[in-house]
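In listed order, ligands and their atoms are each counted from 1.
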Amino acid sequence: MPMDQNHQQHQEAWSRGTQVVANYNFEGSSPDDLPFKKGDVLTIVQPTKDPNWYKGKNESGKEGMVPATYVQKRKEVHLQAMPWYHGKIERKMAEDLLHPREDGLFLIRESVNYPGDYTLSVCYQRKVEHYRIIYHKNQMTIDEETYFDNLNQLVEHYQNDADGLCTKLIRALPKKGDSFGAVRIQDFEAGGWVIQKKDLQEIELIGRGEFGDVYKGLYKNQFVAVKQLKDQDRAAQAFLKEASVMTSLRHPNLVQLIGVVLGDTIRLVTEFMGKGNLVEYLRSRGRSVIQKKDQIDFATDTCAAMEYLESKKLVHRDLAARNILINENNTAKVSDFGLAKYGDYSTEGGKFPIKWTAPEALKNNNFSNKSDMWSYGILLWELYSFGRVPYPRIPLADVVMHVEKGYRMEAPEGCPKQIYSLMLRAWNLNPAERPTFKEALQELQNLRSTTV
Ligand code: ADP
Ligand code: MG
């Protein structure tokens, strides 16, 4: 505990609205102080004349004095650039790419033979050598002697020293176009996002996701959702990527990341959304419970979150009613950033949400805020048809063909004409002609103000 406050001088000044995380318990010694516990997230209200004290606010809105040396700024976790990472390509392809065959020219790819592992392909004496990188329990190794936390560390190590390989790594062969990123576990620690497992109580299973089970839990007297990673070795990076995207986002209509639990099983802790996902909500309540007002509220909430993502140039890629969650106050929030990414992503592999994805994204991998708008149109259709599956009578394989020939779903029964008009504009084959989320939000807010 930093008893002597002059000991750890606080350097950087924090402005209003900065989020900080408590590193220690603070009981306070005067009524002006704001008591808090290790792990609490506080918001800076304003600096004071003394650089070691700030006026802050806790999550229940209580304000008071906060000693700067007891807290750290909460930081975003960014992906590390990995230009040499080529994703899932075969040995032959790697050999074709690695030209000229100069010593030390290398790339890293996903192993085809050992799913979950990687392969380092490096040129030496006009040949290409392939080394299997074993991935186990968040650690990577080639020789089962030296272990690394991530591929960046591994590359750095073999750039300095061949250490048993045929050659040092000298020059990375950059992947064209796409830039993959990796997440470093330490960055979550440094950014103040790590939650201790003992502080988290799991209550019950509430859902199953692609990466693993979702539990209702209790953390610091607050209900939370805990996503537990099932197949640690395979999905850890994708899972942590989702978490890292979430560290940079804060909006009332985005499901908020609270923190991550590291260790043997990685867990993602988010705010708890008591009424579950929108599709199930619509199907189980139906027309008798859900009113016009609820529908326009859900549509507007979702659009507001999407406008925020659009302003950050972040593409969601998996916008659908199943990924919208509803809380006890009936607020809708966008979740599921598993596919979200700045820039491009591949449609290969994975169960692709064909009925929700814009044609140019399906065919040319051309994802954008405009392809999210297409998906948003489908989501509106789901919302106004009370959770039906889109294109009810068309087989999955034929959807794109019909859509390209001009087929569009009809307006669901009772759907306001302004909403159907928005759907049709969202489904324009030309992405440039679709509305922006900003424009759509304006329309929805107008419509909401006249909906009772
Ligand atoms: P994935 O995208 O990996 O399939 P999801 O994040 O969509 O997983 O979670 C699966 C299900 O778990 C959701 O459909 C929802 O019913 C439930 N769930 C997920 N997150 C929460 C949350 N924050 N609050 C309440 N329920 C949730
Ligand atoms: Mg989901």
Side-chain angles (χ1 to χ4, degrees), residues 41 59 183 193 195 200-247 249-261 265-285 298 301-302 305-306 309 314-341 345 347 349-357 372 375 378-379 382-383 387 389:
V41 176
E59 284 177 328
V183 183
W193 291 97
I195 287 177
L200 189 66
Q201 193 186 322
E202 278 176 14
I203 301 173
E204 59 178 336
L205 182 71
I206 49 172
R208 291 185 191 281
E210 190 198 328
F211 293 129
D213 295 339
V214 183
Y215 290 86
K216 179 180 182 177
L218 194 62
Y219 174 67
K220 289 183 177 292
N221 293 320
Q222 158 195 18
F223 286 125
V224 292
V226 184
K227 224 192 222 188
Q228 196 166 308
L229 185 50
K230 57 176 177 226
D231 189 345
Q232 196 71 7
D233 290 359
R234 243 179 30 117
Q237 275 295 320
F239 197 69
L240 288 173
K241 268 187 200 176
E242 173 172 358
S244 79
V245 171
M246 292 174 86
T247 62
L249 304 174
R250 188 164 287 274
H251 185 276
N253 300 110
L254 286 181
V255 174
Q256 182 62 47
L257 177 71
I258 295 172
V260 293
V261 180
T265 315
I266 298 180
R267 294 174 175 85
L268 212 110
V269 182
T270 58
E271 67 177 302
F272 180 67
M273 302 292 287
K275 293 185 176 168
N277 76 58
L278 180 60
V279 190
E280 281 166 22
Y281 185 80
L282 293 166
R283 289 180 190 162
S284 59
R285 272 77 167 184
F298 293 154
D301 285 350
T302 306
M306 293 309 298
L309 295 186
L314 184 71
V315 182
H316 188 288
R317 290 160 188 268
D318 196 10
L319 185 59
R322 63 180 170 276
N323 287 332
I324 306 299
L325 301 175
I326 313 292
N327 72 10
E328 290 300 342
N329 305 325
N330 268 6
T331 302
K333 304 196 183 197
V334 174
S335 81
D336 232 324
F337 297 87
L339 293 177
K341 195 167 178 285
Y345 197 84
T347 42
K351 300 154 275 168
F352 223 76
I354 292 186
K355 288 184 169 181
W356 281 262
T357 307
D372 276 351
S375 313
I378 305 285
L379 187 154
E382 295 181 272
L383 175 58
V389 176

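- With contacts defined as side-chain heavy-atom distances shorter than 4.5 Å, the pair Val226/Val214 does not qualify.
- Between Lys220 and Glu59, no side-chain nitrogen of the basic residue sits less than 4.0 Å from a carboxylate oxygen of the acidic one, so the salt-bridge criterion is not met.
- For the residues Ala225, Ser335, Gly212, the heavy atom positioned nearest atom 22 (C) of ligand 1 is part of Ala225.
- In terms of polar-atom proximity, Asn277 is counted as a contact of ligand 1, with an N or O under 3.5 Å from an N or O of the ligand.
- Taking OG1 of Thr331 as the reference point, atom CG of Leu325 lies at 12.0 Å (rounded to 0.5 Å).
- Remark: distances from the non-hydrogen atoms of Lys227 to ligand 1 include one below 4.0 Å.
- In this view, Lys216 satisfies the side chain to side chain donor-acceptor pair (under 3.5 Å) rule with no residue, not counting sequence neighbours.
- Screening Asn253, Asn323, Leu379 against Thr302 for a side-chain contact (heavy atoms from CB on, under 4.5 Å) leaves a single residue, Leu379.
- When heavy-atom distances to ligand 1 are checked against a 4.0 Å cut-off, Leu325 comes that close only through its side chain, counted from C-beta outward.
- When heavy-atom distances to ligand 1 are checked against a 4.0 Å cut-off, Glu271 comes that close only through its backbone atoms N, CA, C and O.
- Close approach of ligand 1 to Ile206 (heavy-atom distance below 4.0 Å) involves ligand atoms 25 (C), 26 (N).
- Considering backbone and side-chain atoms together, Asp336 places an N or O closer than 3.5 Å to an N or O of ligand 1.
- Residue Thr270 approaches ligand 1 through these ligand atoms, each under 4.0 Å from one of its heavy atoms: 23 (N).
- Rounded to the nearest 0.5 Å, atoms CG (Leu278) and CE (Met273) are 10.5 Å apart.
- Each of the atoms 7 (O) of ligand 1 lies under 4.0 Å from some heavy atom of Asn323.
- Ionic pairing of Arg267 and Glu202 is present here: one or more N-O contacts between side-chain nitrogen and carboxylate oxygen are shorter than 4.0 angstrom.
- If you look at Lys216 next to ligand 1, there are no close heavy atoms at all, none under 4.0 Å.
- Interface atoms of ligand 1 facing Gly207, defined by a heavy-atom separation under 4.0 Å, are 12 (O).
- Short contacts between ligand 1 and Arg208, defined as distances under 4.0 Å to a heavy atom of the residue, involve ligand atoms 10 (C).
- Here Lys333 contributes atom NZ and Ile326 contributes atom CD1; the two are 10.5 Å apart, rounded to the nearest 0.5 Å.
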